[in-house]
Amino acid sequence: MAKSDLVVAITGASGSPYGVKLVQVLLRAGKSVHLVISPAATEVMERELGRKILLDPFEPRSLFPDSEEYFERLHYHHFRNFQAGIASGSFLTGGMVVCPCSMGTIAAISHGISQNLIHRAADVHLKERRKLIVVPRETPLGLIQLKNLTALAEAGAVIMPAMPAFYTLPQSIDDMVNFIVGRICDQLEVEHNLLRRWGTPESNDDET
Ligand SMILES: Cc1cc2nc3c(=O)[nH]c(=O)nc-3n(C[C@H](O)[C@H](O)[C@H](O)COP(=O)(O)O)c2cc1C
């Protein structure tokens, strides 16, 4: 338990590759990652990643076939396990990311309804005034969703919609995933080389 411990929750919004890549990048950067996955996220992952992920028992290899050497720093918690350390403010962390974050989870967190460990850990991060980053994906956004997002922003959360940029001239889905994951890492102050930064020589595509 330390400030280098980060919490990542993957929920049932489209965009599961963002969450999986984020966990990999954080592990490779030397962070300890506390991972929680919602049941709806497994449905989305089956479709988007083509992989069936069991939550109990959870097999890290099923989600991260290439990250085995870092598994000692991956701490998985079942979404119903309110006994997990991350359910308490006394467990120190360096922040939490919900990526991707469904509108259902946005609603639960913004109303303080701690029905599962993801909602509870997010609640804890807000009350302890720690960094909470949510990565919502929905379009268009209805008024209730916008109000819920506003409430979260007012409570101190960072709202980072999964909106990859095009000015970086992405060549692949990986490029687009890396852009979002890189911006999340910027927020967490985790060093990375995932994106080309505007205003740097590498980002200048004008050859004239
Ligand atoms: C294939 C698929 C894609 C989905 N995409 C989204 C989405 O982009 N945004 C969203 O808010 N919900 C989406 N949903 C609906 C959520 O999964 C659903 O509201 C669920 O109850 C969210 O639960 P959770 O927040 O506990 O993960 C999707 C569902 C499926 C099956």
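These numbers were taken from a predicted model, which means no experiment stands behind them. All ligand and atom numbering here is 1-based and tracks the order in the structure. Throughout, numbering of the chain's residues begins at 1 and tracks the sequence.
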> What is the nearest protein non-hydrogen atom to atom 1 (C) of ligand 1, stated with its residue, atom name and distance?
Replying inline: Arg47 CD, 4.0 Å
>> For ligand 1 and Ser38, I'd like to know whether there is a polar contact (N/O to N/O, distance under 3.5 Å).
In response: yes
>> Using a 4.0 Å cut-off to any heavy atom of Glu138, which atoms of ligand 1 qualify?
In response: 9 (N), 10 (C), 11 (O)
>> Among all the protein's heavy atoms, is there at least one whose distance to atom 19 (O) of ligand 1 comes out below 4.0 Å?
In response: no
> What residue and atom, counting heavy atoms only, is the protein's closest point to atom 5 (N) of ligand 1, and at what distance?
Replying inline: Ser14 N, 3.3 Å
> Would a 4.5 Å heavy-atom cut-off, applied to side chains only, mark Ile10 and Pro100 as touching?
Replying inline: yes
> Is Glu46 paired with Arg51 through a side-chain N to carboxylate O contact shorter than 4.0 Å?
Replying inline: no
> Should you measure from each heavy atom of Thr11, which atoms of ligand 1 turn up under 4.0 Å away?
Replying inline: 25 (O), 27 (O)
> How many angstroms lie between CG in Leu169 and CZ in Arg196, if you round to the nearest 0.5 Å?
Replying inline: 6.0 Å
>> Would you say the rings of His34 and Phe91 are close, in the sense that their centroids are separated by under 6.0 Å?
In response: yes
> Could an N or O of ligand 1 be found under 3.5 Å from any N or O of Arg137, whether backbone or side chain?
Replying inline: yes
>> Ring-plane angle category for Tyr167 and Trp198, please: parallel below 30°, perpendicular beyond 60°, tilted otherwise.
In response: perpendicular
>> Measuring from atom NE2 of His125 to atom OG1 of Thr93, what distance do you get when rounded to the nearest 0.5 angstrom?
In response: 2.5 Å
>> Give me the residue, atom name and distance of the protein heavy atom closest to atom 14 (N) of ligand 1.
In response: Gly12 O, 3.1 Å
> So which heavy atom in the protein is nearest atom 2 (C) of ligand 1, and how far is it from that ligand atom?
Replying inline: Val44 CG2, 3.7 Å
> Just how far is it from atom OH of Tyr18 to atom CE of Met160, taken to the nearest 0.5 Å?
Replying inline: 11.0 Å
> How far is atom 22 (C) of ligand 1 from its nearest protein heavy atom, and which residue and atom is that?
Replying inline: Ser102 OG, 3.6 Å
> Of the protein's non-hydrogen atoms, which lies at the shortest distance from atom 23 (O) of ligand 1, and what is that distance?
Replying inline: Ala40 CB, 3.5 Å
> Should we count CZ of Arg183 as having more than 12 external heavy atoms under 6.0 Å?
Replying inline: no
>> Side chain or backbone, does Met103 bring an N or O within less than 3.5 Å of an N or O on ligand 1?
In response: yes
